[in-house]
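In what follows, a single structure is set out as structure tokens and then discussed.
Numbering of residues begins at 1 and proceeds along the displayed sequence.
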Amino acid sequence: MAERFASVSEDELCRLIEEKDSKNTKRATKASVKVFNEYLQEKNLDEPYHDNKVTLANVLKRFYAKARKKSDGSPYSKSSMTSLRFGLNRHFKTKETDIIQDPEFAEANKKGSKIGVDSVCFDNMVVGERTLGEKMKCISKVAELSKIYTNHSIRATAVTILDKCGYEARHIMADSGHKSKSSIRSYCKTDTSTKKQKSESMAAVTSTVALPESNMPPSPLLSLSQEEFLMCDVSVSTSTTQVSKTYNFSNCNAIFNN
């Protein structure tokens, strides 16, 4: 009677284990090791021994931060960095070193998990009203900004910038979603720099341009009520002592001598 269970030698068992890995996996592992070796060669570093986990972890931490594409020198995407790390892990696991699970590599893995650029910058998906409404608050907290911003503050800032750049109200409304020009008028405020420019322009004109002569009598600077107040308040003296009074109108000082 034939035996139900076949006899497998140690060599055959090792061969079966090796063959279970797909060709793509082997190719990815080989590519990861190649990139790592090229980094060591370029930086004139000796290949760290797998039994010295502390040294290997320090080299990997710097490798994760400095790894770039050979074609254009741009950073790897996060998915590529993940594939690179796991490829190296398969390589070092054959030497009884797990660069993912072993505690000596915790700091290196933390660094490696944050390295990489997302290849997808947008996604066509439904976002809940609550998630969208709290978006700027979450960004402000995560980025540790000086204050907590809201979605409305970003909208108001955008309207103000577009107005300052000279865009017409109808174009601003197309982006902001406002229904009328009056609704965006409160956002269109004169900033400090514009006020300063206006003041400097007026000062330059009044200091360099002579006003034309006119036969018409000059208009009084003060209203009749203000003139009566001044005349009643100024003490008239027949002596040679000079009397002066100082008044303030609209943040301007006026001195009257008698």
ask   = Does any N or O in the side chain of T29 come within less than 3.5 Å of the main-chain N or O of T25, such that one atom is a donor and the other an acceptor?
value = yes
Rounded to the nearest 0.5 Å, the NZ atom of K141 sits from the SG atom of C138 at a distance of 6.5 Å
Correct closest heavy-atom pair for S32 and S83 would be OG-O, 3.7 Å
Report, as yes or no, whether the 6.0 Å neighbourhood of atom CD on E200 holds more than 12 heavy atoms from other residues, nucleotides or ligands.
yes
Would a distance-only check, ignoring hydrogens and angles, find a side-chain to backbone donor-acceptor pair under 3.5 Å from N109 to I99? yes
dist K93:NZ -> F86:CZ (nearest 0.5 Å) comes out at 9.5 Å
Heavy-atom nearest pair, R90 first then A28, reads NH2-CB, 3.7 Å
Original post:
Would you find more than 12 non-hydrogen atoms of other residues, nucleotides or ligands less than 6.0 Å from E107 atom CD?
Top reply: no
D175/V159 under side-chain contact (heavy atoms from CB on, under 4.5 Å): CA gap, chis, key distance, verdict: CA-CA 9 Å; D175 293 328; V159 172; over 6 Å; no
Could you see if I161 belongs to whatever hydrophobic cluster contains Y149? Use Ile, Leu, Val, Met, Phe, Trp, Tyr and a side-chain cutoff under 4.5 Å.
no
Here the gap from K164 atom NZ to L162 atom CG, rounded to the nearest 0.5 Å, amounts to 12.5 Å
Correct closest heavy-atom pair for R68 and G73 would be CD-O, 3.4 Å
Q) With side chains defined as the heavy atoms from C-beta onward, is the minimum distance between E38 and K70 less than 4.5 Å? A) yes
Here the gap from L56 atom CG to K95 atom NZ, rounded to the nearest 0.5 Å, amounts to 9.5 Å
A67 and M81 have their tightest heavy-atom pair at CB-SD, 4.4 Å
Given side-chain contact (heavy atoms from CB on, under 4.5 Å), test K53 with T97 step by step and report yes or no. CA-CA 8 Å; K53 296 183 179 182; T97 299; 4.3 Å; yes
In this structure, NZ of K30 is separated from CZ of R27 (nearest 0.5 Å) by 9.5 Å
Is it true that S77 and S80 share a donor-acceptor pair across their side chains at a distance under 3.5 Å? yes
Assigning hydrophobic clusters by single linkage (Ile, Leu, Val, Met, Phe, Trp, Tyr; side-chain heavy-atom cutoff under 4.5 Å), is L40 placed with L60? yes
* Asked: Honestly curious: do I148 and I139 fall in one hydrophobic cluster under the side-chain, below-4.5 Å linking rule?
  -> no
Shortest non-hydrogen pair, K147 vs S140, comes out as O-CB, 3.8 Å
**Message:** Is any side-chain heavy atom of Y39 closer than 4.5 Å to one of R62?
**Reply:** yes
- Any chance you could lay out the side-chain contact (heavy atoms from CB on, under 4.5 Å) test for L84 and F36, step after step, and finish with the verdict? CA-CA 9 Å; L84 191 63; F36 183 60; over 6 Å; no
Handout entry: Charged tip of K78 within 45° of Y76 ring normal and under 6.0 Å
Key = no
K181 side chain reached by M173 side chain, heavy atoms, under 4.5 Å: yes
S153 and T150 have their tightest heavy-atom pair at OG-O, 2.6 Å
Margin query: Applying side-chain contact (heavy atoms from CB on, under 4.5 Å) to R155 and H178, what does each step give before you reach the verdict?
Written below: CA-CA 11 Å; R155 184 192 193 195; H178 289 92; 3.4 Å; yes
Original post:
Is there a donor-acceptor pair under 3.5 Å between the side chain of D98 and the backbone N or O of Q101?
Top reply: yes
The reported gap from OG1 in T55 to CG in L45 (rounded to nearest 0.5 angstrom) is 11.5 Å
